[in-house]
Each structure stands twice: as structure tokens, then as C-alpha cells.
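Structure first, commentary second.
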2 protein chains.
Amino acid sequence: MQKQETLTKNQKIILDLIEKSDQPLKAYSILFDVKKKGINAPLQVYRALNKLVKIGKIHKIESRNAFIACKNSKCQIANATIFSICESCEDVTEIHDHKLSEHLRDFKDNKGMKYNKYNLEFFGLCKKCV
Amino acid sequence: MQKQETLTKNQKIILDLIEKSDQPLKAYSILFDVKKKGINAPLQVYRALNKLVKIGKIHKIESRNAFIACKNSKCQIANATIFSICESCEDVTEIHDHKLSEHLRDFKDNKGMKYNKYNLEFFGLCKKCV
DNA sequence: TTAAATATGTTATATTATTACATAGCGTTA
DNA sequence: TAACGCTATGTAATAATATAACATATTTAA
């Protein structure tokens with residue numbers, strides 16, 4: 001379990017912003033939005049983002065270079081993420097599917113590799129965009 | 001099935017280079033290597049890369065911004081990729097696991113989304129690095 | 001044989017992310 | 001409390017990744 005009480009000022013500001021959005025935000029768009037709060041440089045944003053990713057409060061959508069809040073209040077799935085991404089409207093949803101997660105968690109390759117993390121992104125068209 | 005006979009000069013040069021490497025190559029490292037062959041600008045590389053990804057000859061490792069050749073001669077899996085990535089030595093291997101692929105192919109979320117593609121990346125430590 | 005589609009070459013620029021360095025705060029422990 | 005280790009901060013500069021815009025050429029198909 002992560003300790004959420006230790007978030008610093010910058011981390012809180014940036015997490016707040018990301019949590020208010022239900023869609024992924026890009027680093028420089030975050031930077032633009034938090035300038036009024038005294039965060040002036042990309043590095044300040046990236047440092048906070050990296051920390052928030054590390055503790056599982058947010059996830060990075062790798063194919064989009066964007067960051068979305070983790071809706072799972074327990075924040076235990078920083079290392080096991082599944083997303084669906086609409087290639088038309090770019091809507092992103094985190095998927096929680098017990099059975100699929102189980103399969104992924106239990107997956108063993110034939111090279112004896114020890115996994116501690118996975119990220120899965122599904123692409124397609126959402127209901128609205130079909 | 002894709003038509004491989006239609007690759008253009010630039011596409012061939014860049015595919016050759018990527019196929020000679022068993023590990024992912026980055027766009028600007030590719031650019032550096034193909035300058036002697038008359039490819040001078042990033043855009044020429046990215047255009048070839050995008051095409052090669054589209055037809056399934058190579059895959060992009062999203063978490064690494066790098067490109068690796070598809071070893072599957074049939075090239076039918078441009079839209080269904082699974083990789084294992086060692087976080088220590090950065091070795092990347094494409095995984096072909098029938099059962100897992102089946103699960104992913106058959107996965108349906110509860111939002112009625114129609115998927116046409118997925119990308120899964122496993123992270124951990126390979127045998128050598130454990 | 002013209003039109004449409006695809007690819008090329010080039011310059012410039014946009015976007016994403018890190019290096020390097022100086023400083024500040026905080027908890028431990030001696 | 002003083003000294004240390006650790007983490008975070010602020011700032012400037014720059015590296016790394018990727019695309020826009022434009023002119024031209026080549027290929028494909030009607």
C-alpha cells in the first residue's frame with residue numbers, strides 16, 4: 001500500500017488537475033494549466049508525474065504520451081494496467097477485468113523471465129464513433 | 001496478407017537495417033545509420049517507419065519509442081502485439097503465445113467497444129539480469 | 001493520358017523529455 | 001542539536017522525438 005499523505009505541493013497540484021479530467025492530459029498542457037499556481041518549468045511537471053506514476057496515482061498512456069488518473073482507490077495496480085482507446089475521439093478508459101488481469105498476471109513466457117509489470121492498450125472505435 | 005513487393009527504396013533501406021538488429025532501434029539512430037545511403041532528414045525516416053508499422057513489417061515499442069522487426073514471416077499480427085522488455089538490459093522479445101493471444105483477441109469490455117488492435121508490453125528482468 | 005494516390009526531398013518547427021547545477025526541507029541518529 | 005542522507009525544488013539549457021508545410025516526382029488505375 002502506498003502512503004498518499006506524503007504528496008508534496010507540486011505533486012498535489014498536478015494530481016488534482018489530472019483527477020479533475022476524465023481524459024488523459026499531456027505534460028505540456030498540464031504545465032500550461034499549473035503556471036498560475038507557480039509551477040513554471042517542464043521538469044517540475046515531469047518530476048511530479050514520474051512520482052505519481054510510481055506510486056500508482058496516475059498512469060501513463062504510452063501510445064499517447066499522456067497521463068490519466070487511476071480511478072482505483074486502492075492504487076494497487078500501478079504495475080498492471082489495461083486501457084481501451086478510441087482511435088477516433090481518443091477517449092481512454094481504464095479496464096478492470098478480473099479474468100483478463102488474472103491471465104496476464106499468471107502469464108509465463110518460455111524464457112524464464114520474471115515480470116513485475118505490464119501495460120496493455122486496446123485500440124478501436126467506441127460506441128459513439130462506430 | 002500484405003504485399004511486400006511494393007516497398008520503396010527508403011522503406012527497404014530502413015527495413016533492412018531494422019531486420020539486421022535483433023533489438024529495437026530508435027528513429028534518430030536509424031537516421032544516423034542511413035545517412036550514407038542518402039536519407040538525410042527525420043521525416044524520411046518517420047515516413048518509412050510509419051508505413052512499415054502499418055503493413056506489419058515492424059512494430060513500435062511504445063514505452064521505448066523504438067522500432068523492432070516482426071519476426072513472423074506472415075506479418076499478420078501488426079494489430080496484435082505482445083512484447084517482453086527487460087528493465088535492466090532493455091532486451092526486447094516479441095511473444096507469440098497462442099492462448100494469450102486468443103484471450104486478448106476475444107476480450108470484450110462492457111462498453112460495447114469494437115477493438116481492431118492491441119499492444120501489450122510486459123516488463124521485468126530477463127534471466128541474465130535477475 | 002489524365003487524374004488520383006502515394007512517395008520523395010527539404011526546411012523549419014512543434015512536441016516530449018532530460019541534464020546539470022544550486023538550494024531547501026525533512027527525518028534519522030549520534 | 002548537529003551532521004548526514006534523502007527527497008524535493010527552482011531554473012536554465014538542451015536533448016530527443018515527431019510533425020507541418022511545401023514543391024516535386026513516381027506509380028496506379030480509370
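These figures come from a predicted structure and were not determined experimentally. Letters A, B, ... mirror the listed sequences (proteins, then strands); counts begin at 1.
In this entry the distance linking CG of A:N40 with P of D:dA13 reads 15 Å, nearest Å. As rounded to whole Å, 13 Å separates atom C1' of C:dA7 from atom CD1 of B:I13. Rounding to whole angstrom units, CD1 of residue B:I30 and P of D:dA18 are separated by 10 Å. What separates CG of A:L49 from P of D:dA8 is a distance of 14 Å, to the nearest Å. Distance, A:L31 CG to D:dA12 P: 13 Å, rounded to whole Å. Here C:dT8 presents its P atom at 10 Å from CG of B:L43, a figure rounded to the nearest Å. Put simply, NZ on B:K12 is 18 Å from P on C:dT6, counting in whole angstrom units. The nearest whole Å value for the distance from the CZ atom in B:F67 to the C1' atom in D:dT17 is 9 Å.
The phosphate of C:dA7 (OP1 or OP2) has a side-chain N or O of B:Q11 nearer than 4.0 angstrom. Note on B:Y46: a side-chain N or O is less than 4.0 Å away from OP1 or OP2 of D:dA18. Look at B:N10 and you won't find any side-chain N or O under 4.0 angstrom from OP1 or OP2 of C:dA7. The side chain of A:N65 contributes no N or O atom lying less than 4.0 Å from OP1 or OP2 of D:dT17. Proximity of A:Q44 to the phosphate of D:dT9: no side-chain N or O atom is located under 4.0 Å from OP1 or OP2. In terms of phosphate contacts, A:T8 brings a side-chain nitrogen or oxygen within less than 4.0 Å of OP1 or OP2 of D:dT9.
Among D:dT11, C:dG9, C:dA17, the nucleotide with an atom closest to any side-chain atom of B:K9 is C:dG9. Closest approach to the A:R47 side chain among C:dA17, D:dT11, C:dT10 is made by D:dT11 (side chain taken as heavy atoms from C-beta onward). Across D:dA8, C:dT18, D:dT19, the shortest atom-to-atom separation from the side chain of A:N50 is found for C:dT18.
Residues A:M113 and B:C86 meet the side-chain proximity criterion, which asks for heavy atoms closer than 4.5 Å. Between B:K128 and B:D91, every side-chain heavy-atom pair lies at or beyond the 4.5 Å cut-off. Contact of the A:R64 side chain with the A:P24 side chain is not registered, since no non-hydrogen atoms from C-beta on lie closer than 4.5 Å. Inter-residue side-chain proximity for A:F67 and A:S29 is flagged as unmet; no heavy-atom pair is nearer than 4.5 Å. Side-chain atoms of B:K12 and B:K9, non-hydrogen and from C-beta on, never get closer than 4.5 Å to each other.
Looking at residues 20-29 of chain B, you'll see B:K26, B:Y28 sit with a heavy atom under 4.0 Å from some atom of DNA chain D.
Paired with B:L15 under the rule side chain to side chain contact (heavy atoms under 4.5 Å, CB included), one option of B:L49, B:I55, B:I58 passes, and it is B:I58.
Using bins of under 30°, 30° to 60° and over 60° for the plane-to-plane angle, the ring pair B:F107/A:F122 lands in the parallel bin.
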